[in-house]
Amino acid sequence: MNRKRTLFLPAMALIILLGLQSGVNTALAQPPGQRPSLPPIPITSDTTHTLTRHFVPASAAKKTPDAKGFIQRWLVLEPVKKDIARNSILTDSYLRTTLSADNFSSDYTIIPKNGQTVKVGDQELKWYALDSKTFNVNLYHFTYAIDKPRYGILVWLVTVIDSPEEMKNVRLAAGANSASMWWLNGQEALTIPGDRDMVADNVTSQRLTLKKGKNVIRGAVINGPGMANFCLRFLNEKGAPIKNLTISYR
Amino acid sequence: MKQRIQIISTIVLLLMLLSATAIAQVGKPFIHDPSTLMESDGKYFTFGTGGGGLISTDGWTWYGGGVRPGGGAAPDVVKIGDRYLIAYGATGGGLGGGHNGRILTMWNKTLDPNSPDFKYSEAVVVASSDGVEDNDAIDPGLLLDPTDGRLWLSYGTYFGFIRLVELDPKTGKPIEGNKAINIAIDCEATDLIYRDGWYYLLGTHGTCCDGANSTYNIVVGRSRKVTGPYLDNMGRDMLKGGGKMVLDATDRLIGPGHFGRTVLENGVEKMSCHYEADLDQSGRSVLGIRPLLWKDGWPVAGDLFKEGTYEIESVRRGYALELAVDFVRMPGGMRFNRNSDEPIKPVASQQLADVINTWPAGNIPARIGDYMGRPHQKWTITDAPNDTTGYLGGPYYKIVIAGTERALAATADGEVVTVPKFTGASEQLWRIDQLIDGTYRIMPKLVPNSGKKLALVSIGDSSPTLAEFDFNSDNSKWNFKTH
């Protein structure tokens, strides 16, 4: 009996091992023909077009940069629809031509009013004064929230920075998906061409001066496919974020 | 087709020659057994065997003119307070036949023979060997211990042991009652240095004084105590012949020996030595200056910068320095999901001729972007023509977009641009130093209208500028990559 059991157990082990082995081989082989389509993933996210999910309508309350110096309060214009198949077309030249043509004003110090509509080409577009709930401003969330085109868009932006004193040798540091251009007090400060990702401090301006009092920042973010967003802050001479600013939309 | 192959072969050969160029010091840098480099009166000095020494105003071009009385061999120098202590071996280390040796020290307030303060004190004997004992008192190396201010002298050659004795940093004489101890065997030209809690003993092994056939090479061991034991990376005591390689011969520079360390600033260090034979300079013994790197706590000789065409990579994110020009797409888009039976053929890289006409004619800003192997990202770096100046260990370089004369230049407002044509102006000349971690610092010779010493820095991932060098920041570091 004992001897039989001794033989029986290794035999069973061999059979199980061979079975497992064949299972492994089957699992590795590519099944022939088309696979059946997978069932759709049920939507559990909130699909409503709600601006307050990611933004707070800007108020007169004092707003300062966040703990890392990022500017979260912006006037955001509804998107200008653009036909952009690939972001690699967003070269310096393309940006200059397009932003010059599809512009609501060539006065880069102008401060639009919250709720005001402006004309860009044949499109009537409305300004929204918003505080982003995150360090960056997600323009995909914005355009989804207001139920406007989410891809192939140009979004104009304005904010007003109040500086307690003149600050020399500061740099405007931005990251945007995809391309963008930025102006400070009417002067071009930064161009970010190409198929970019939203990376903090991806590009910085040359040394600039923030004047005491109000400084107007104008921006334009342009994106084809994918998510559009940006982040922006100022860095001091040592590369540290500048936080003693107040931000308004007026 | 054949002609084309010949042209390509010629270009490849030229590129190989270009990329192989790496020269030692220029001028008349002829010396044997150089002392550690010293700065005095705005110049660099090193002294060698037989008396005399070399002087350089910039660290790149060296000429004779140094004055060291006493003859003998292989001096070393250390600065203590506002004075220089010079040690030298009065004898020849067995070359003359005997091993009866003496080490002497003397002081001077300056190393510049043109200075009114130039006057050596009387030399005093600080160590000796009787010709029978297992030591030959030549090849002194001096260390002023930065942790406690004590002064140490190592000395000796292949005849027995390397010895260590303490000297009085006020007098340069031996401390009364102090006895020399053995710290290594069967090497010569030792030098002691200290870094981050370790004492390092550098020694030279191999054959000296046989030109291109010299097998001289520099090795190192380290110890937590200045008195040893000095162990190599395998735990082998230098008293048993241990030593980890710091520098041996390269293709054209043969037989390095007589290590000396120079710390320029945090992260920027150089080592000096002599090569027994520089095959590009008649096979003569010349002064060598290389970057000194530190890897896992061990000193390693860095690379002499080689001329060539490179991607200049910012260590900050890994992006590459480039012209701020429109990106030009290559033909074709998505290449996957194709008929797999299609014949496979190579796709030509984008060429300069494909894009150069899209570039503006005037100044073009520099930018940093993800490397794509495109013409606006390839930089040819060569020794600047018609410029004989340099810095410790290297000449100034011309940096242009490959195949063009469009040159990288510093601007008066502390930024970087490219100018359409290289003129040789100082703001277009660049200093390249390999740092102790193997990355590089790139600095303009001159920032116009500025007395500041600035380096090429990544202030954003995509934004180059000029700013003060900070070794602790990857913003200040660059790599030169070939593909």
Side-chain angles (χ1 to χ4, degrees), chain A residues 69-70 84-98 168-182 187-209 224-225 230-242, chain B residues 314 316-334 350 355 357-360 363-372 374 376-377 410-417 447 450 452 454 457-470 472-476:
Chain A
F70 289 101
I84 302 166
R86 291 186 185 87
N87 286 333
S88 62
I89 69 163
L90 304 176
T91 62
D92 290 83
S93 307
Y94 177 95
L95 288 180
R96 284 176 204 292
T97 308
T98 304
K168 289 187 169 170
N169 296 323
V170 305
R171 293 179 190 266
L172 187 156
N177 188 339
S178 178
S180 63
M181 278 187 80
W182 304 90
Q187 299 297 311
E188 182 182 324
L190 201 56
T191 304
I192 310 179
D195 188 5
R196 300 276 181 153
D197 305 321
M198 196 283 300
V199 174
D201 306 338
N202 187 237
V203 183
T204 57
S205 69
Q206 296 196 356
R207 295 169 181 88
L208 303 170
T209 299
F230 72 93
C231 62
L232 183 143
R233 62 179 174 172
F234 283 94
L235 303 176
N236 68 16
E237 213 164 356
K238 293 179 177 169
I242 299 173
Chain B
S314 161
R316 175 188 168 111
R317 193 179 176 90
Y319 285 170
L321 190 70
E322 64 180 26
L323 294 185
V325 292
D326 285 356
F327 179 77
V328 178
R329 290 174 56 78
M330 287 174 60
M334 187 173 70
Q350 190 175 74
V355 296
N357 292 330
T358 68
W359 296 352
N363 287 4
I364 301 176
R367 184 169 65 194
I368 312 172
D370 34 358
Y371 188 71
M372 298 283 289
R374 301 298 173 89
H376 70 294
Q377 301 176 312
T411 68
D413 56 354
E415 304 293 350
V416 277
V417 294
V447 180
S450 167
K452 287 185 179 170
L454 302 178
V457 159
S458 306
I459 188 67
D461 294 333
S462 299
S463 309
T465 189
L466 299 176
E468 285 183 15
F469 172 74
D470 176 8
N472 294 317
S473 169
D474 282 349
N475 284 341
S476 293

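Since the structure is predicted, the reported quantities are computational estimates derived from the model, not experimental observations. Proteins get letters first, then strands, A, B, ... in listed order; numbering begins at 1 in each.
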**Request:** Given side chain to side chain contact (heavy atoms under 4.5 Å, CB included), test B:T465 with A:R207 step by step and report yes or no.
**Result:** CA-CA 9 Å; B:T465 189; A:R207 295 169 181 88; 3.4 Å; yes
**Polar side chain donor-acceptor pair, B:S463 to A:R171, under 3.5 angstrom** =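 No pair is found: no donor N or O on one side chain lies under 3.5 Å from an acceptor on the other.
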Do you know the tightest heavy-atom contact between [X] and [Y]?
X      : Y      : value
B:S462 : A:R196 : OG-NH1, 2.6 Å
B:R317 : A:V199 : NH1-CG1, 3.3 Å
B:R329 : A:S88  : NH1-OG, 2.6 Å

**Prompt:** Considering residues at least two apart in sequence or located in another chain, which fulfil the ring pair (Phe, Tyr, Trp, His ring centres under 6.0 Å) criterion with A:Y94?
**Reply:**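 Checked A:Y94 against ring pair (Phe, Tyr, Trp, His ring centres under 6.0 Å); zero matches.
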**Prompt:** When rounded to the nearest 0.5 angstrom, what distance separates CZ in B:F327 from CG in A:N87?
**Reply:**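 Nearest 0.5 Å value for the CZ-CG distance: 12.0 Å.
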**chain B contact via A:A200 - which portion, at a heavy-atom distance below 4.5 Å** =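 Just the backbone, heavy atoms under 4.5 Å.
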**Request:** Decide yes or no for B:T411 and A:Q206: does some side-chain heavy atom of the first lie under 4.5 Å from some side-chain heavy atom of the second?
**Result:**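 No - every pair of side-chain heavy atoms lies 4.5 Å or more apart.
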**Message:** Is B:N475 close to chain A through its backbone or its side chain, or both, or neither, when contacts mean heavy atoms under 4.5 Å?
**Reply:**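 Contact with chain A is absent: no heavy atom of B:N475 under 4.5 Å.
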**Prompt:** Is it the side chain or the backbone of B:V325 that comes within 4.5 Å of chain A heavy atoms, both, or neither?
**Reply:**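 Looking at B:V325, just its backbone touches chain A.
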**Asked** Is there a donor-acceptor contact under 3.5 Å from the side chain of B:D326 to the main chain of A:D92?
**Response**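 Indeed, once roles are kept as given, a pair shorter than 3.5 Å links the two residues.
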**Message:** Please check if the number of heavy atoms outside A:Q187 that lie under 6.0 Å from its CD is greater than 12.
**Reply:**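 No, CD of A:Q187 has 12 or fewer neighbouring heavy atoms, counting only those of other groups under 6.0 Å.
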**Asked** Quick one: of A:N202, A:D201, A:T91, who has the most non-hydrogen atom pairs under 4.5 Å with chain B?
**Response**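 Ranked by heavy-atom pairs under 4.5 Å with chain B, first place is A:N202.
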